Amino acid sequence: MGKTFAEKVLGKAAGYEVTANQVVTVEPDFCMSHDNGAPIARTFKKIGVKNVKYPERICLILDHAVPAPTSDHAVNHKEVREFVAAQGIPNFYDVKSEGGVCHQKMCEEGFALPGLVMVGSDSHTCTYGAYGAFSTGIGRSEMAAVWATGKLWFKVPESMKVVVTGKFKPGVSAKDFILKFIGDVRADGADYMSVEFHGEGIENMSIAERMTLCNMGIEFGAKNAVCKPDKKLLDLLKERGNAKSDKWEPIWADEDAVYAKEFHYDLGDITPGVAKPHKVDNYAPIEEVKGTKIHEAFLGSCTNGRIEDLRLAAQVLKGKKVAVRTVVIPASWIVYRQAMKEGLLDIFLDAGCVICNPGCGPCMGNHEGILAPGESAISTANRNFKGRMGDKESFIYLASPMTVAASAIKGEISDPRNR
């Protein structure tokens, strides 16, 4: 009987063969935290261990509220900086023009690599599965314990296989597919499962599109989500040449691996769609929500703030004017500079958009575009829970960069194919 991706990677990390539902103890290759590194540091100090076990494996990236919008956030950042200095942690990305959204930076900077085990004190750590890693979010107290011991136990998850064929039609993207998929399987459809994306449809996607899929794995309950580390990824890693570990290796499931669930999709059948308030699995095709009034459009986040996403939005916005306030936030300063070089920022500015510094911004309601009571936003982010982008009496529709851009122009939810 063949092995799934999760069984192979966790078995390699544990040092022996494992099967689903077995409990193993492993040493994560990298441990990521962001602004919440401050409360984790406080918990770490209570453990009674003076120094972290592996400072070189810890990555701390300030991104959730940068620059600090309140004194509380400023104190948080100060505590992180002090902890980094005291512990000699080399992988720290402060509020400088070298940072960005934590998940984007982990991939850009060569931490996300095939075959590694990675954990983060953020639920969207599953993003690194686009790079062939077993990556998952953990709690703050768990992270403090990993800092102290260098170890963490897992129950080896059962696996779900998602076979994807075909190609997207114009006006449709990876975000439309994953929203449709979550609507089908529901928010608990993959509870504590390792989700593997297979097929030519995935092979045809860019690494950025795969990041969108894996990023939203947690939104249907997955422990982790992953794509095959194929030639496209290996060529990218070779081109960048900045791998932060020499332990990586391409690992993928066996042909005869056994899965708890299996799904099949043809990308040619996917149309633009949205997740309606207040649940990510509250899916609706664009036809059902067209004409819904919006007050704000948001382009950015760890789901869709990459250069490929900005290009798609710019294609829609070029030569047009937005009818509502539209906030654009590149996922990192590398993306920001590339967008500037390609003239995308000029397109956004000419359209009337506001461009903010890289970071999470309004995605989780900190600043740079939060909503007032009764307001509605269309967003490229990954969550639309009550209060996620500000007031609890506001409304969030999740959509692709093209749908968000098309909607910004009309001031109402619009089909990006009709322009």
Side-chain angles (χ1 to χ4, degrees), residues 28-41 44 52 54-69 73-113 116 118-128 130-131 133 135 137-138 140 143-144 146-147 207-208 211 215 237 240-245 300-303 305-307 329-340 355-364 366-368 381:
D29 294 284
F30 291 113
C31 311
M32 189 283 301
S33 294
H34 44 68
D35 306 46
N36 64 15
I40 296 171
F44 171 82
V52 298
Y54 300 116
E56 71 280 3
R57 297 185 186 181
I58 297 173
C59 303
L60 281 160
I61 304 168
L62 297 181
D63 71 342
H64 271 46
V66 294
H73 288 104
V75 169
N76 223 43
H77 292 177
K78 182 178 180 226
E79 289 183 19
V80 171
R81 294 181 186 111
E82 290 172 345
F83 185 79
V84 165
Q87 294 293 329
I89 295 170
N91 302 313
F92 174 51
Y93 296 84
D94 204 340
V95 186
K96 299 178 180 179
S97 57
E98 59 185 20
V101 179
C102 59
H103 305 307
Q104 180 72 13
K105 293 310 297 178
M106 291 296 288
C107 295
E108 284 180 350
E109 298 295 331
F111 296 103
L113 295 164
L116 298 190
M118 304 177 67
V119 295
S121 54
D122 185 283
S123 57
H124 294 105
T125 300
C126 47
T127 305
Y128 320 148
Y131 281 68
S135 59
I138 62 175
R140 297 179 183 184
M143 185 60 80
V146 177
W147 287 359
I207 305 304
M211 289 173 72
N215 175 270
L237 296 177
R240 288 181 176 171
N242 63 349
K244 294 297 194 293
S245 170
S301 83
C302 59
T303 314
R306 284 167 275 284
I307 190 64
I329 303 184
S332 72
W333 285 106
I334 289 176
V335 175
Y336 191 105
R337 289 177 184 273
Q338 185 63 32
M340 183 166 55
I355 302 170
C356 296
N357 60 281
C360 296
C363 174
M364 39 89 69
N366 271 334
H367 62 160
E368 296 178 332

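Small disclaimer: the values here were computed from a predicted structure and weren't measured.
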Are the side chain of Q104 and the backbone of A331 linked by a donor-acceptor contact shorter than 3.5 Å? no
Within this structure, what is the NZ-CG distance for the pair K105 and L62, rounded to the nearest 0.5 Å? 13.0 Å
Could you tell me which non-hydrogen atom of L237 sits nearest to which non-hydrogen atom of A112, and how far apart they are? CD2-O, 4.4 Å
So how far is it from E368 CD to I355 CD1, rounded to the nearest 0.5 Å? 12.5 Å
Taking D63 for the side chain and S332 for the main chain, is one N or O donor matched with an acceptor at less than 3.5 Å? no
Between F30 and F111, what is the ring plane arrangement, given parallel below 30°, perpendicular above 60°, and tilted in between? perpendicular
Output field: ring centroids W147/F83 closer than 6.0 Å: yes
For Y54, what residues pass the side-chain contact (heavy atoms from CB on, under 4.5 Å) criterion, not counting sequence neighbours? E27, E56, R57
With heavy-atom distances below 4.5 Å as the criterion, would you say the side chains of S33 and V80 are in contact? no
Side chain proximity check, I334 to E109, heavy atoms < 4.5 angstrom: yes
Short question: side chain of N76, backbone of D35 - any donor-acceptor pair under 3.5 Å? yes
In short, Y93 meets E98 closest at the heavy-atom pair CD2-O, 3.9 Å
Any heavy-atom pair between the side chains of S97 and R337 that's under 4.5 Å? yes
Here the gap from I58 atom CD1 to M32 atom CE, rounded to the nearest 0.5 Å, amounts to 12.5 Å
For H103 and T125, work out which heavy atoms get closest and say how close. CE1-N, 3.5 Å
If you count every heavy atom of other residues, nucleotides or ligands that lies below 6.0 Å from R240 atom CZ, does the total exceed 12? yes
For R140, does its backbone N or O pair with a side-chain atom of N36 as donor and acceptor, under 3.5 Å? no
Report yes or no: do D29 and S245 form a side-chain donor-acceptor pair below 3.5 Å? no
Distance-only side-chain donor-acceptor flag, D122 / H34, under 3.5 Å: yes
Side chain to side chain, L116 and Y131, heavy atoms closer than 4.5 Å: no
Report the distance from atom CE of M143 to atom CD1 of I138, rounding to the nearest 0.5 Å. 4.0 Å
For the atom pair CD (Q338) and CD1 (I307), what is the distance rounded to the nearest 0.5 Å? 5.0 Å
Between F92 and I89, which heavy-atom pair has the shortest distance, and what is it? CB-O, 4.4 Å
Can you tell which of C356, S301, C360, C363 makes a side chain to side chain contact (heavy atoms under 4.5 Å, CB included) with I329? C356
V95 vs R81 side-chain heavy atoms within contact, under 4.5 Å: yes
Check: M118 and M106 side chains under 4.5 Å, non-hydrogen atoms: yes
